[in-house]
Amino acid sequence: MTDLGLFVAVSVVAGYGPPSVEKPLGVLPVAREFLARLDLAGTIDRLAPMRQDVSRVSHGQVIAALVANRLTSPTPLLHVASWAREWAVEEMFDIPADALNDDRVGRALDALAPVCDQVAGSVGAAALAAFGLDVSHLHWDMTSISLHGAYPEVDADYATPRYGHPKDRRPDLKQVQTGLATTGDGGIPLLARAYDGSAGEVAQVQDALRALVALAGPRQFLLVGDTKLVSYGNLTALTSTPGVTFLAPAPKAVVPAQVLAAQDWATATIIEHVAARDRDKPIHARASYRAREGVTVLRGPRKTDLPVTVRTVFVWSSANDQAAKAARALKLDRAREALDTLARAAGSHHLYRTEAAVTARLAFLTTKHRVSRYLVAVTSIDPDTGKPALAWHFDQAVLDAEAATDGWYALLTNLDPDLGPAEVLARYKGQEVSERRYGAFKGPLAVTPMFLHSNQRIHALIHVICLALLVFSLIERQARLGAGPDGKIPGLYAGRPARPTGALILATLNRLRLVPAQDGRPAYIPRPPHLHQHLLDILGVDPTRPP
């Protein structure tokens, strides 16, 4: 292919769209460069080699193109060839558009599926080396992905769509689940796993732990997770693995409400911590924190199991305290209004003429407003009129007991006691980065809806999107490393300085265009505006380099 030249030209005139001969270039050069640094295509081709002379492009090339698609204009697999024809895919990746038809894409996904874990491990290791990532602090979290379709026939070797407990509250749809391990350094998803839709989150921790130990090699690391990290088996594995420490909030079954309620706020130590959301607020408007030290003992299911004793940091947060009180007050107010309405309507409204009807409505309202713990209600029949009646009240003792836990939660860890509560809390707060990555996973990279007929291809496509998320996150990290001393890039958001995010960078770069070769002239990229060129320079990408 002819080398691209960077011509001095203006591609967009204010008030007019680009010429029809131009193709969107967007983030394709950046995707190409970062995928090359990760050696994605080469890794896949080594792990899933093709029979010779079967196709013009390798499985690795096809998967690289699918990753680029997710970063530019996420498209159903049926329309990937159309996307490649419209965008400058051939010029950047040397892949003809018709080589990305749905049959070829499907065969590449079939080839990727059996080696997904090996690819993830190799590419994760390449990211460590190529981008100098710090893996001393890792976060593990899982989410569910709802699917459209029945999937009556599945291959048990791959993530199987099943009904479960969906995070998007669509219990009518089958789902698969995804686990991500992200670095504290930039929130880079180094490890991805796909699981059955009904797989328990607790049961996947030890598999993830083994994979992370292999990925980190001799490096020591802290693994941070949510409450699903905590079980007797998981903590036994975590505390017995050399070089691994852990940090996770305790579930209610491990540290019950009465233990939290017993913590003395007055004697708790004030700790200095500023939440990310409070950094731009005046001091008086920031959340305050207190902490107390303790221990928690977990016992195994068998009498012969040795107990596991772990350090426990009890944390009180003023923000959590206020949020709990406000949520309870709102919940009780709504329930009180609904219950008073039912009490007035009992026996007089045609829907509630019988005691059974009142009881059924009462059960519905109790569940809807989540007040079963506090509600004391009695239905009866008036002996004079024969009409049903309802008397109810909230148990104040139960409400007071719950209020005593407001603001408190427990963090379990085996971190060295020399690290005080403030340091423990700061390390735990980084868990939000993993949750933020799932926002991109389901948003800009468009993981749903999925309409694939094979769970083998679903398994592979989930990993393709995880690879796209890896590139997305690396782009964001590199841009932040290259931003100004204030952490912002001038003109990035509506002409104003802004802290770079993956979404902002992609939205900005996706305005770049390419003029294809024609009439004997080489393909060229109109000179990018200053902001676009600045981003390309920060990311270390030369879009004129031939594939």
Side-chain angles (χ1 to χ4, degrees), residues 113 116-117 119-121 124 135 137-147 158-171 173-184 187-215 221-235 237-238 244 246-254 411-412 428-443 445-448 450 455 458-470 472-473:
C116 279
D117 289 352
V119 170
V135 292
H137 189 168
L138 298 169
H139 299 266
W140 172 255
D141 198 11
M142 289 178 60
T143 193
S144 59
I145 302 161
S146 294
L147 305 170
Y158 306 105
T160 301
R162 298 188 188 280
Y163 292 108
H165 300 284
K167 302 292 177 66
D168 59 0
R169 300 182 181 180
R170 287 297 305 269
L173 298 176
K174 289 185 177 180
Q175 65 176 22
V176 290
Q177 297 186 83
T178 300
L180 286 180
T182 55
T183 64
I188 309 301
L190 284 183
L191 182 76
R193 288 289 186 266
Y195 300 107
D196 291 355
S198 59
E201 292 187 38
V202 172
Q204 314 312 320
V205 171
Q206 294 180 47
D207 169 67
L209 174 63
R210 287 188 292 270
L212 288 171
V213 169
L215 180 64
F221 64 88
L222 166 68
L223 182 60
V224 184
D226 61 10
T227 57
K228 305 302 188 301
L229 201 70
V230 178
S231 72
Y232 175 82
N234 290 345
L235 294 197
L238 286 162
V244 175
F246 78 91
L247 174 59
K252 293 179 180 178
V254 174
L411 297 176
L412 305 184
Y428 170 66
K429 286 296 186 179
Q431 178 67 4
E432 66 187 20
V433 73
S434 185
E435 299 167 358
R436 183 162 54 88
R437 288 304 179 211
Y438 279 123
F441 186 69
K442 295 184 176 184
L445 304 183
V447 72
T448 54
M450 276 193 189
N455 72 307
I458 290 172
H459 187 99
L461 184 56
I462 286 172
H463 282 83
V464 167
I465 298 170
C466 288
L467 290 167
L469 182 62
L470 170 61
F472 177 91
S473 305

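Residue numbers run from 1 in the order of the sequence given.
- Atom CD1 of residue I188 and atom CG of residue L469 lie 9.0 Å apart, to the nearest 0.5 angstrom.
- Take S231 and apply the side-chain hydrogen bond (donor to acceptor under 3.5 Å, both in side chains) test, not counting sequence neighbours, and it matches N234.
- Nearest heavy-atom pair across N455 and P161 is CB-CD, 3.7 Å.
- Every residue two or more places apart in sequence or in another chain that forms a ring pair (Phe, Tyr, Trp, His ring centres under 6.0 Å) with H463 is listed here: H459.
- With sequence neighbours excluded, no residue satisfies side-chain hydrogen bond (donor to acceptor under 3.5 Å, both in side chains) with T183.
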Run the side chain to side chain contact (heavy atoms under 4.5 Å, CB included) test on Y158 and I458 for me, step by step, so that the C-alpha distance in whole Å, both residues' side-chain angles and the decisive distance to 0.1 Å come before the verdict. CA-CA 9 Å; Y158 306 105; I458 290 172; over 6 Å; no

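- Note: K429 NZ to L411 CG = 8.5 Å, rounded to the nearest 0.5 Å.
- Distance CG/L190 to SG/C466: 12.0 Å, rounded to 0.5 Å.
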Would you please test V244 and F221 for side chain to side chain contact (heavy atoms under 4.5 Å, CB included) and show each step? CA-CA 5 Å; V244 175; F221 64 88; 3.7 Å; yes

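- Between F246 and V230, the closest side-chain pair of non-hydrogen atoms is not below 4.5 Å.
- Nearest heavy-atom pair, G225 versus Y428, reported as atom, atom and distance to 0.1 Å: O-CE1, 4.1 Å.
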Just list the side-chain donor-acceptor pairs under 3.5 Å for residues 191-199, sequence neighbours left out, or say none.
residue, atom, partner, partner atom, Å
R193, NH1, D117, OD1, 3.4
Y195, OH, D207, OD2, 3.4
D196, OD1, T160, N, 2.8

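- With sequence neighbours excluded, the residues that form a side-chain contact (heavy atoms from CB on, under 4.5 Å) with A237 are Q206, L209.
- Taking CG of L138 as the start and CG of L180 as the end, the distance is 12.0 Å to the nearest 0.5 Å.
- Expressed to the nearest 0.5 Å, how far CG of L215 lies from CZ of R210 amounts to 15.0 Å.
- The shortest side-chain heavy-atom distance between M142 and K228 does not fall under the 4.5 Å cut-off.
- L229 CG to L238 CG: the interatomic distance, rounded to the nearest 0.5 Å, is 5.5 Å.
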